[in-house]
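Heads up: the structure comes next, in structure tokens.
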4 protein chains.
Amino acid sequence: MASNAFGTLFRVTTWGESHGEAIGCVVDGAPPRIALTEADIQHDLDRRRPGQSRHTTQRREPDAVKILSGVFQGETTGTPISLVIENQDQRSKDYGEIKDRYRPGHADYTYDAKYGIRDYRGGGRSSARETAMRVAAGAIARKVLARRLGNAFAVRAALVQVGPHRIDRSRWDWAEVERNPFFCPDATAAAAWEGFLDGVRKAGSSAGAVIEVVATGIPAGLGEPVYGKLDADLAAAMMSINAVKGVEIGDGFAAAEIPGHEAADEMRMDGGRPAFLSNHAGGILGGISTGQEVVVRFAVKPTSSILTPRASIDRFGAEVEVVTKGRHDPCVGIRAVPVGEAMMACVLLDHLMRHEAQCGPLRTEDAG
Amino acid sequence: MASNAFGTLFRVTTWGESHGEAIGCVVDGAPPRIALTEADIQHDLDRRRPGQSRHTTQRREPDAVKILSGVFQGETTGTPISLVIENQDQRSKDYGEIKDRYRPGHADYTYDAKYGIRDYRGGGRSSARETAMRVAAGAIARKVLARRLGNAFAVRAALVQVGPHRIDRSRWDWAEVERNPFFCPDATAAAAWEGFLDGVRKAGSSAGAVIEVVATGIPAGLGEPVYGKLDADLAAAMMSINAVKGVEIGDGFAAAEIPGHEAADEMRMDGGRPAFLSNHAGGILGGISTGQEVVVRFAVKPTSSILTPRASIDRFGAEVEVVTKGRHDPCVGIRAVPVGEAMMACVLLDHLMRHEAQCGPLRTEDAG
Amino acid sequence: MASNAFGTLFRVTTWGESHGEAIGCVVDGAPPRIALTEADIQHDLDRRRPGQSRHTTQRREPDAVKILSGVFQGETTGTPISLVIENQDQRSKDYGEIKDRYRPGHADYTYDAKYGIRDYRGGGRSSARETAMRVAAGAIARKVLARRLGNAFAVRAALVQVGPHRIDRSRWDWAEVERNPFFCPDATAAAAWEGFLDGVRKAGSSAGAVIEVVATGIPAGLGEPVYGKLDADLAAAMMSINAVKGVEIGDGFAAAEIPGHEAADEMRMDGGRPAFLSNHAGGILGGISTGQEVVVRFAVKPTSSILTPRASIDRFGAEVEVVTKGRHDPCVGIRAVPVGEAMMACVLLDHLMRHEAQCGPLRTEDAG
Amino acid sequence: MASNAFGTLFRVTTWGESHGEAIGCVVDGAPPRIALTEADIQHDLDRRRPGQSRHTTQRREPDAVKILSGVFQGETTGTPISLVIENQDQRSKDYGEIKDRYRPGHADYTYDAKYGIRDYRGGGRSSARETAMRVAAGAIARKVLARRLGNAFAVRAALVQVGPHRIDRSRWDWAEVERNPFFCPDATAAAAWEGFLDGVRKAGSSAGAVIEVVATGIPAGLGEPVYGKLDADLAAAMMSINAVKGVEIGDGFAAAEIPGHEAADEMRMDGGRPAFLSNHAGGILGGISTGQEVVVRFAVKPTSSILTPRASIDRFGAEVEVVTKGRHDPCVGIRAVPVGEAMMACVLLDHLMRHEAQCGPLRTEDAG
């Protein structure tokens, strides 16, 4: 079943288990003659790499990506791009304790219920390690989009909430995102989160998070009614990331609370071009981009791998306690930030290609 | 582009505009030998039908569905089921006022930006009228699921919030849902909403809503890692409904706020079967159903068609004021309740078929 | 299962049974702002219509097509185009004789084996009546291609063999195709076929045929390696037509017989442009169009509905004789000519859209 | 664009260039708990491997396949199976002569026309080397089918024509296929072909071939009307193999020549089961398997890489002569035999899964 692939025209198929020999992906449909090197992809991978602060897993993975096909003399050829990362850090670990036990909050039980077999090493296919390949594919999408949409184009994400602690949006500073270990746009919040997360870790627990992804320089017209809507595809893309439990576009759930005369974004002309006076809609109306910023948020549940003992069962039906030792992210949402960016980039490129297939070259002058 | 279709194996393609000659859909992939009549479908359509209370649009559409193919002697044949509803209530209206104006919050501007042409009659393809066909397809999915999963199976939905007003979940009563015009499971809240919505309507405004959809009797094992996850497909399905801005599975955004040692649902044995002690996850782990209730919520923004004048532009670039007269839902979220059920049913059937294709007959004895 | 649809971006879903209420299709993905009327489609349908000579079935079907959606003020809107043809000629026939019997050479037995139920009226879904909707969709594809590719573009087909009797290719005259009831490009052969087919009909038998479809004005570059090859998609498209048993591109099976130094088409420059000195390849190399004429042939078996008694069984396992009375084509291949054209047009448009999605606007100046 | 993938539920995505670092594929959708080792796959690969006689290319490729994911403790897990073969024999060759020249009969010109760039090393993506991954995927499909369909199941292929020389079908002996270097089922023909091909090779030319693929033990009911027909998918599968120019099912083009009263296969009961008295249809009626042997033939054109000089152009528009030196198959059709088997196996498994998704477990007792 083509369940390990996403995208319609810019099509990414990923493979690999957390502690198998390697993980990889095949990117089919990338436009030809785009300059692409391993370093382009590595740059994005490094942002997601574990072990960069005490707030992420201490697993050491160099995550060095190799391009095995689809690039010739530094340019894409239009044929499938095969990417692979060897799994270096396969500690010869004793899985005896958890190999028959279902870790609460993980997919151990459901994989076993579905397939009657599972690779129990580090979560196998259900591990968030798979998201490295999303980031790799996203790096390619970004390069294509940058060439097609020009300098106005950017996809950026930030952590806007850790556990119950939200940022103050009035302090939002994109530059700050690269300065703290949380991808947090609010320096004050970032400082507070340090202490909060240290406490969580010491308590043997974990914390959830909310990530906001913003795309700029996106022209009006991307998105396909009525099931290939841009927001529907973004929702699927974000919800498919490990541990995500909610997705919002623009105002999201808050949109349900405001009255209709405030909710709809009014329009005026600005310098001869259509302009919106607000962006409650998150840049999407009727599933099609408006030319404003495209704004998506998603919620990540707390890491399920914690030191606190939890009630569970094993595959033989015995009741057990499970404690997940090992190197785990106390807040897996942090490393989801570059993953969210990557998914946004892949969806946008896919829709750009879909649009141009049906409607011809996209007018890019109106991009917001 | 196959953008007007959803589902992989249970595949639904819809067509039609709000004020065109008819709307319809083609359901491809339905199992053979399922008893199916027009009355089966009509029953669900009637729940969504407008004009049933003063809280929904007064547009009068009998919405009488006809089966044109795929059913022979009262049973499905396995070939495409074509459904059509003629548009009866095509008032010979003067669209002069809005045909060149972009109604704020609607898809008027984005359709024009994308296609360079749009059917301006009642929103054309972007109208929520399209959702009638989702309900029709969902009725077929429900019949198949009921046969496959037995009496434990049900898909039900309820309105849990109107504007800023939420239900009291301790008063949840499914029977109440059919007794008030809001599909509200809390009789007290329903009574309060009457007054609230009357006020909204008189003020020429509108209100948003939150819908919760619950599937019971769903065995463990449905869902496909890692991009065909059950929750990813549900997110896309719900987000593709008109005016939806957010989707949650289980705890949703609240999951980001609770600590890890509370978030993961613990397991014990119950009567020889695996049992969960809570359902924060909404019945899905790693994209695969756990055997618990599958719980999805989605937020609907307030109807954009309101009597309050709003700033906009027309297609020639002139600045205008727009007032949307006509018969509109003050709270479009109400009629989204059966639509949410339908999307849930379609996604579940699709995944049941996908599961059995790869893994063989689903074990149904564990369904929660 | 999306088995009743074809095409990737220009996506056609058909529905309906031979003697049901109607047949129809949904065309999703057609570019916007293409002038389209029912008359455009009717013109192509009329070429396929039965009852135009004694060599085709005498079933009388006006086959009047209606456009139910996707066209506004005479132009496509980019949303799904729904087409429907009501079945007028549903003679209230007694099917008692064949309803439980499997007609040899028909799909009666296989549909029953697959689904455990079948619509036995006139073959139900397996009837060649379905091909009317291919012709309808092909008419739309042709209009789009004509606008995109200009006057050089044409898709034409001809009958080149009836039973064992082939045309003399040196007498090929496209104008002749419209002058005889066989779509035959060789007037002498057409005259001979008259007598041959009269004999076949009187003998209560039927005859097969070979159709050749030629597309001109197709630029180099259409087709997708390595499974979306233009020839692979054409092969599937033609083989999916009722009664087709073989498909060839260019020299086809004859290519296996000639030596390598004759087989590969040599190239020279001609007026500053690449030119091929022959077209053994049928205009496709490596699955991608060369800029030459695209040439496809397909073989149609003799109609299985004949007056000669044939041994068969019924669904209860009894051995029976089957005689197919009624109005049948003695040579079903004749009416397959416009169907072959339609499939060619649909495949070409789909590939044009796929190409432009990935590679940008197609260079049309080199089209052969 | 998902053009480098085939299959709907058993989905194979291939990647890699002839002289790149490696080639590989990802098999998504394989059922879980199927015993699978690298040796299982290697066995089939070795049948296709070059250099096994003087009649195939002397390129030496050990073609040692590695499984990188999707198999755990010797069994498939239901997650994607990643296969890779490193390209060992990347002779540091000077491509100067052909890097700007279009080899007649090859895809050099069309890739350049399409993408504006091509990997000229050994044909790049258009090389028949890609077919190794088809064979690898086919080996997995075969294992699954054998488990599902039992001992009656087999997919076998044979070379039935080389250049103009056909086998005598009365001498058909499947055991002979493994005894000569041509996969020829007729020992006498095989002996004659030795001399014929030696002459062709010495003349600096090449020869075409026809391959016949036969699947036995296939139950009735596989195949999806009307565009997912078993024969339509087989036609696409075979036509997508390098150098294939024609595909036939059963009688194929000969079906056009015989009268209707001979063409349709009659039925009788045999031991309480339906039985056909002949197999003109090649085991497929209405796109659905009949329970008989499924018979497909395809024609391969002569290798275009020959020593005889041929007229061509280069990418700058200059007229040139091209001679293809190097190690090439004088009859590329020979090594297409295992490739044809692999494609048949993949298509059959895909359809088995599609059938069971919609119609439930296939009845296997009637398989022919």
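Order of the sequence lines fixes the chain letters, A, B, ..., with proteins taken first and strands second; residue numbering starts at 1 for each chain.
With a 4.5 Å cut-off on non-hydrogen atoms, C:I241 touches chain D through its backbone but not through its side chain. Of the two parts of C:D251, neither the backbone nor the side chain holds a non-hydrogen atom closer than 4.5 Å to a non-hydrogen atom of chain D. With a 4.5 Å cut-off on non-hydrogen atoms, C:N242 touches chain D through its backbone and its side chain both. No part of D:H165 comes within reach of chain C, as not one of its non-hydrogen atoms sits under 4.5 angstrom from that chain. In this structure, chain C has no heavy atom under 4.5 Å from any part of D:L230. Neither the backbone nor the side chain of C:S305 comes within contact range of chain D; no heavy atom of the residue lies under 4.5 Å from a heavy atom of that chain. No part of D:D233 comes within reach of chain C, as not one of its non-hydrogen atoms sits under 4.5 angstrom from that chain. Within the 4.5 angstrom heavy-atom criterion, no atom of C:V296 approaches chain D.
Looking only at heavy-atom pairs under 4.5 Å with chain C, the residue among D:A299, D:G333, D:P309, D:G228 that has the most is D:A299. No other option in D:Y111, D:F298, D:F276 has as many heavy-atom pairs under 4.5 Å with chain C as D:Y111. By number of non-hydrogen pairs under 4.5 angstrom with chain C, the leading residue of D:A232, D:G286, D:A107, D:G223 is D:A232. If you tally non-hydrogen atom pairs under 4.5 Å between each of C:R268, C:K301, C:M239, C:E130 and chain D, the highest count goes to C:R268. Ranked by non-hydrogen atom pairs under 4.5 Å with chain D, the options C:A243, C:G116, C:A5, C:G287 are led by C:A5. Listed options D:A318, D:P302, D:P259, D:S304 were ranked by heavy-atom pairs under 4.5 angstrom with chain C; first place goes to D:P302. Among the candidates C:R134, C:Q161, C:R125, the residue making the largest number of heavy-atom pairs closer than 4.5 Å to chain D is C:R134. Between chain D and the options C:G317, C:A263, C:G360, the largest number of non-hydrogen pairs under 4.5 Å is found for C:G317. Most heavy-atom pairs under 4.5 Å with chain C, from the set D:E262, D:M269, D:K229, D:M238: that is D:M269. Comparing D:G105, D:P164, D:G163 by heavy-atom pairs within less than 4.5 Å of chain C, the highest count is held by D:G163.
Panel note: side chain D:N4, backbone C:P225; a donor-acceptor pair is recorded below 3.5 Å. In terms of modelled atom types and a separation under 3.5 Å, the side chain of C:K245 and the main chain of D:E248 share no donor-acceptor contact.
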Stepwise side-chain contact (heavy atoms from CB on, under 4.5 Å) check, C:M133 with D:V226: CA-CA 12 Å; C:M133 300 321 304; D:V226 298; over 6 Å; no
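The distance from the CE atom of D:M267 to the CD1 atom of C:I313 is 4.0 Å, given to the nearest 0.5 Å. C:I288 CD1 to D:Y115 OH: the interatomic distance, rounded to the nearest 0.5 Å, is 5.0 Å. Rounded to the nearest 0.5 angstrom, D:C359 SG and C:I117 CD1 are separated by 11.0 Å.
Listed by chain and number, the residues in a side-chain contact (heavy atoms from CB on, under 4.5 Å) with D:P104 are C:A264, D:R310, D:S312, D:V322 (sequence neighbours excluded).
Residues D:T14 and C:Y227 approach most closely at CG2-OH, 3.4 Å, considering heavy atoms. D:A311 and C:E266 get closest at one heavy-atom pair: N-OE2, 2.6 Å.
By the 4.5 Å heavy-atom criterion applied to side chains, D:E257 and C:R166 are counted as neighbours.
We find that D:E356 and C:K114 are not joined by a salt bridge, their nearest charged nitrogen and carboxylate oxygen being 4.0 Å or further apart.
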